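For clarity, every value in this text was computed on a predicted model and none was experimentally measured.
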Amino acid sequence: MKRRFAALLVPALLVLAGCTATAAPEGAATGPDRAPRPSPFADCATLADPPGTAPAPTGSVTPSGPAAPTGSAGAGDSGGTGSSPAPAGGGGSLLPELVLSCFTGGAPVTLRDIQGPAVINVWASWCPPCRQELPAFQRLSVRAAGQLQVIGVNSRDSRDGAQAIGEDFGIRFPVLFDQGEALQRELRRTAVPLTLLVDAQGRVRHTDTSGALDDARLAELVRRHLGLAVPA
């Protein structure tokens, strides 16, 4: 009788164990020996350093200088060739007083400590326009090395999803983690992708929500709102 009871109990325990494993959270470790994959993104420790003080990424173009093309608007100008460095929604205001964690770990980053000029792209792996434009931001980070910083803010996403996109697209610039959408709430913006152009004084000169940006459009935005000439 005892043997028959044990034989019936074992399958029941196996079924129960399978339900527990199936119900495990997405992205959770499957065992104690699972090691985290190395992050594709750069460390955030240099974000408080002015552009050009950190070693340039491999394959970057050495800039000839931050001078803007003749007739283009500088970072603090209100004029220019039909440009609007501080349109509605940008306002030339300082970055919000937020502290976000770095995707690679280490010390949290205070946004107002970021040294501009900088281009900050808010993205998520589940957003098709974000995936479309991320390679252009990676190319900008290489072409503009020493002139400005390119920074990602991963919003309302899973770490596994963000990591997979970084690996697939070869994204190497620093990425901050903002799962509570704190930055978007401060800016009163809900949609992604969202791109901020920040001048050397830490002021937001332009907020772009026009959709997926390509190399030429990014170069134009940087020239118009930050006064920097970057090859497209």
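- Between Asp43 and Phe103 there is no side-chain heavy-atom pair separated by less than 4.5 Å.
- When all heavy atoms are compared, the tightest approach of Thr104 to Cys44 is OG1-N, 4.3 Å.
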Q. Could you walk me through whether Arg217 and Glu220 pass the salt bridge (Lys or Arg N to Asp or Glu O under 4.0 Å) check?
A. CA-CA 5 Å; Arg217 178 64 176 153; Glu220 170 61 15; 5.6 Å; no
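- In this structure, Arg185 contributes its side chain and Gly180 its backbone to a donor-acceptor pair below 3.5 Å.
- The only option from Val204, Leu187, Thr110 that meets the side-chain contact (heavy atoms from CB on, under 4.5 Å) definition with Leu95 turns out to be Val204.
- In this structure, the side chains of Ile151 and Phe173 stay at 4.5 Å or more apart for every pair of heavy atoms.
- Two residues are said to be in side-chain contact when any heavy atoms from C-beta on lie closer than 4.5 Å; Leu194 and Leu183 fail this criterion.
- When all heavy atoms are compared, the tightest approach of Ala212 to Pro129 is CB-O, 3.7 Å.
- The two residues Thr190 and Gln184 make their nearest non-hydrogen contact at O-NE2, 3.1 Å.
- At least one side-chain heavy atom of Asn154 sits under 4.5 Å from a side-chain heavy atom of Gln179.
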Q: In sequence, state the C-alpha distance, the side-chain angles, and the governing distance for Leu100 and Phe177, and then conclude on side-chain contact (heavy atoms from CB on, under 4.5 Å).
A: CA-CA 6 Å; Leu100 299 177; Phe177 215 43; over 6 Å; no
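- Remark: Arg172 fails to qualify as a cation-pi partner of Phe41 under the 6.0 Å distance and 45° angle criteria applied to the six-membered ring.
- You'll find the side chain of Gln138 reaches within 4.5 Å of the side chain of Ile171, heavy atoms only.
- Taken to the nearest 0.5 Å, the CG atom of Leu213 stands 5.0 Å off from the CG atom of Leu218.
- Of all heavy-atom pairs spanning Gly152 and Trp123, the tightest one is CA-NE1, 4.0 Å.
- In this structure, the side chains of Val175 and Val153 stay at 4.5 Å or more apart for every pair of heavy atoms.
- If you chain together hydrophobic residues whose side chains sit under 4.5 Å apart, Leu94 and Ile120 never meet in one group.
- Between Pro193 and the options Ser210, Cys130, Ser155, Pro128, a side-chain contact (heavy atoms from CB on, under 4.5 Å) holds for only Cys130.
- Between the Glu133 side chain and the Asn121 main chain, no donor and acceptor come within less than 3.5 Å of each other.
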(Q) Using the rule given for side-chain contact (heavy atoms from CB on, under 4.5 Å), can you reason through Thr209 versus Arg189, listing the C-alpha separation, both sets of side-chain angles and the distance that settles it, and then say yes or no? (A) CA-CA 9 Å; Thr209 56; Arg189 305 278 181 161; 3.8 Å; yes
(Q) Test side-chain contact (heavy atoms from CB on, under 4.5 Å) on Arg143 and Asp215; report intermediate values, then the result. (A) CA-CA 10 Å; Arg143 291 169 179 158; Asp215 296 83; 2.7 Å; yes
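- For the atom pair Leu111 CG and Asp178 CG, the distance stands at 8.5 Å (nearest 0.5 Å).
- Proximity of Val119 to Gln149: side-chain heavy atoms (C-beta onward) are nowhere separated by under 4.5 Å.
- A cation-pi arrangement is not found for Arg131 relative to Phe169, the charged atom failing to lie both closer than 6.0 Å to the ring centre and inside a 45° cone about the ring normal.
- Pairing each heavy atom of Leu47 with each of Pro174, the nearest pair is CD2-CG, 3.8 Å.
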Q: Go through the steps for Val99 and Val109 under the test side-chain contact (heavy atoms from CB on, under 4.5 Å), then give the verdict.
A: CA-CA 5 Å; Val99 179; Val109 175; over 6 Å; no
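- Within the 3.5 Å criterion, the main-chain N or O of Arg156 finds a donor-acceptor partner in the side chain of Trp126.
- The minimum heavy-atom distance linking Ala118 with Leu226 is given by the pair O-CD1, 4.1 Å.
- Donor-acceptor pairing under 3.5 Å is lacking for the side chains of Asp214 and Gln132.
- Judged by distance alone, the side chain of Asp208 and the main-chain N or O of Thr195 form no donor-acceptor pair under 3.5 Å.
- The side-chain heavy atoms of His206 and Leu221, taken from C-beta on, include a pair separated by under 4.5 Å.
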